[in-house]
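Only one structure is covered here, and it is reproduced in the block below.
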Amino acid sequence: MAEIFDPKPVEEKGFEIDERIIKLAEKAEENCSAVFAETDRIARLNGEKVLKAFINNKVSAACMTGTTGYGYGDVGRDILDKVYADVFGAEDALVRHTFVSGTHALTCALFGVLRAGDKLVSLTGTPYDTLEEVIGLRGSGNGSLKDFGVQYDQVDLLPDGKPDVGEIFKKVKDAKVAYIQRSRGYSLRPTLTLNGIAEIVKAAKGANPDIVVMVDNCYGEFVESKEPLQFGADLIIGSLIKNPGAGIAETGGYIAGGKKLVEQCAYRLTCVGMGKEVGCTLNQNKLMYQGLFFAPEVVASAVKTAAFTSEIMTLLGFECFPKRDDKRGDIITAVLMKNAENLTAFCQGVQKGSPVDSFVTPEPWDMPGYDSQVIMAAGAFNMGASIELSADAPLREPFAAFVQGGLTYPTGRMGILIALQEMVERHCLRLF
Ligand SMILES: *Cc1c(COP(=O)(O)O)cnc(C)c1O
């Protein structure tokens, strides 16, 4: 009789990783058991929420095919907007592969809602690097919000990274839009949790009930079991090559929130009057649906990879933000690599542990929109997708590697171990 289970151990030729790293990884993983369990709990809640939105909106086979040309009557597109709106607790949403990036979606929202003479105030300090030129803080200023007569002000975070409620109260009074960045981005400030966002929204709306609170939600989707709109924000914006696309959506972005606000954004993306009713989806619908469907589970893999990274790097003596058990609001882990050599070795090691382009060596370069050289390890199925295991690092003090993603936990974990092995081989790491 044939045996159902093969009793012989499978002869595996695994990766050549230093025994001491393997031991450390086992310890790190053990220490992560509580955070892994919590991550699975959140993934279940989010997964159920997504499934319910698919069912309630009667997603059908017809939704998976796209349109060409003007894209009139694209059911897949229209229903996808509704599914996103339900999942994020919004009245309406605008989910499009024609958003070229998160920055483009954010820009569309800012130009969509703000008018000449209005004031935009950032409540979480200087926004993400690429938005500085959009606002007019850096670069030629040509075509920026400033160029169009939109004023800008900001409230810096307090030294401990908490919002400065007193200053918020003063500065939002005459503002049209209050801007909140949920994730740390390329900075060491703490990521906001939803409770933190709720606190800021309360302060802003307390001083100015008409203010539009816009949240840059990049990297935050599905990390907690709710989203910022459910904590008082009016508009959230994100990228589909990050969390909600799950590494499946090939490009794109979304805006979700109040119906009128979403319409203003759609008028800016396409044309006034046409708004959401045009824009063909080509062959992108199915991938965007599938991405959203997988997103809760993929984000959970990224969060587990993040917790594992914090823990093993901490055990190795590198300072990490956040730490293993800190409540997470995004999928990013900042690891202070101490110097440029460590940073470069780590990032190049992450690339070596990637499923695509593992043989390529990333080098620091002057990336458009950033004000220092950046090294980016991203061996991804979708170019630049940072829900896939990736490490971005501006080559400047304090030499922080911003590590994120991992489509699956086993591959994310191994990618980090391969990076550590690279550091060992380049004498950047001393093991005991
Ligand atoms: C990724 C990101 C953006 C947008 O960046 P793109 O590369 O243009 O998609 C904006 N804000 C934050 C916090 C981000 O992480």
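In listed order, ligands and their atoms are each counted from 1.
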Which pairs with one or both residues in residues 311-323 pass side chain to side chain donor-acceptor pair (under 3.5 Å), sequence neighbours excluded?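 Sorted pair list: N31-E311, E311-R324.
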Could you give all pairs that pass the side chain to side chain donor-acceptor pair (under 3.5 Å) test and reach residues 401-414, with sequence neighbours left out?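 Listed by first then second residue: E29-Y409, E29-R413, S390-Q404, D392-Q404, T408-T411.
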Show me which atoms of ligand 1 lie under 4.0 Å from any heavy atom of [X].
| X | answer |
| --- | --- |
| Y219 | 15 (O) |
| L106 | 10 (C) |
| T103 | 4 (C), 5 (O), 6 (P), 8 (O), 9 (O) |

Residue-level breakdown please: for Q181 versus ligand 1, do any non-hydrogen atoms fall below 4.0 Å on the side chain, on the backbone, on both, or on neither?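 It is the side chain that touches ligand 1; the backbone stays farther off.
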Check whether any N or O atom of G102, backbone or side chain, sits under 3.5 Å from an N or O atom of ligand 1, and answer yes or no.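 Between G102 and ligand 1 (N or O atoms, distance only) the closest approach is under 3.5 Å.
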Nearest option to atom 10 (C) of ligand 1, as decided by whichever heavy atom of D216, L240, N243 sits closest: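 It is D216 whose heavy atom sits nearest to atom 10 (C) of ligand 1.
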Is there a heavy atom in V100 that sits closer than 4.0 Å to ligand 1?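 The answer is no: ligand 1 sits nowhere under 4.0 Å from a heavy atom of V100.
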Does K242 come within less than 4.0 Å of ligand 1, judged by its heavy atoms?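 The answer is yes: ligand 1 sits under 4.0 Å from a heavy atom of K242.
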Side chain to side chain, F222 and V87, heavy atoms closer than 4.5 Å: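 Heavy-atom side-chain distance check passes, below 4.5 Å.
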Note: D92-K260 ion pair, threshold 4.0 Å (strictly below):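 Salt bridge absent between D92 and K260.
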More than 12 heavy atoms of other groups within 6.0 Å of K49 NZ: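 Check passes, neighbour count above 12.
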Looking at T270, T251, D81, T281, which hits side-chain hydrogen bond (donor to acceptor under 3.5 Å, both in side chains) with R96?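 Exactly one candidate clears the test, D81.
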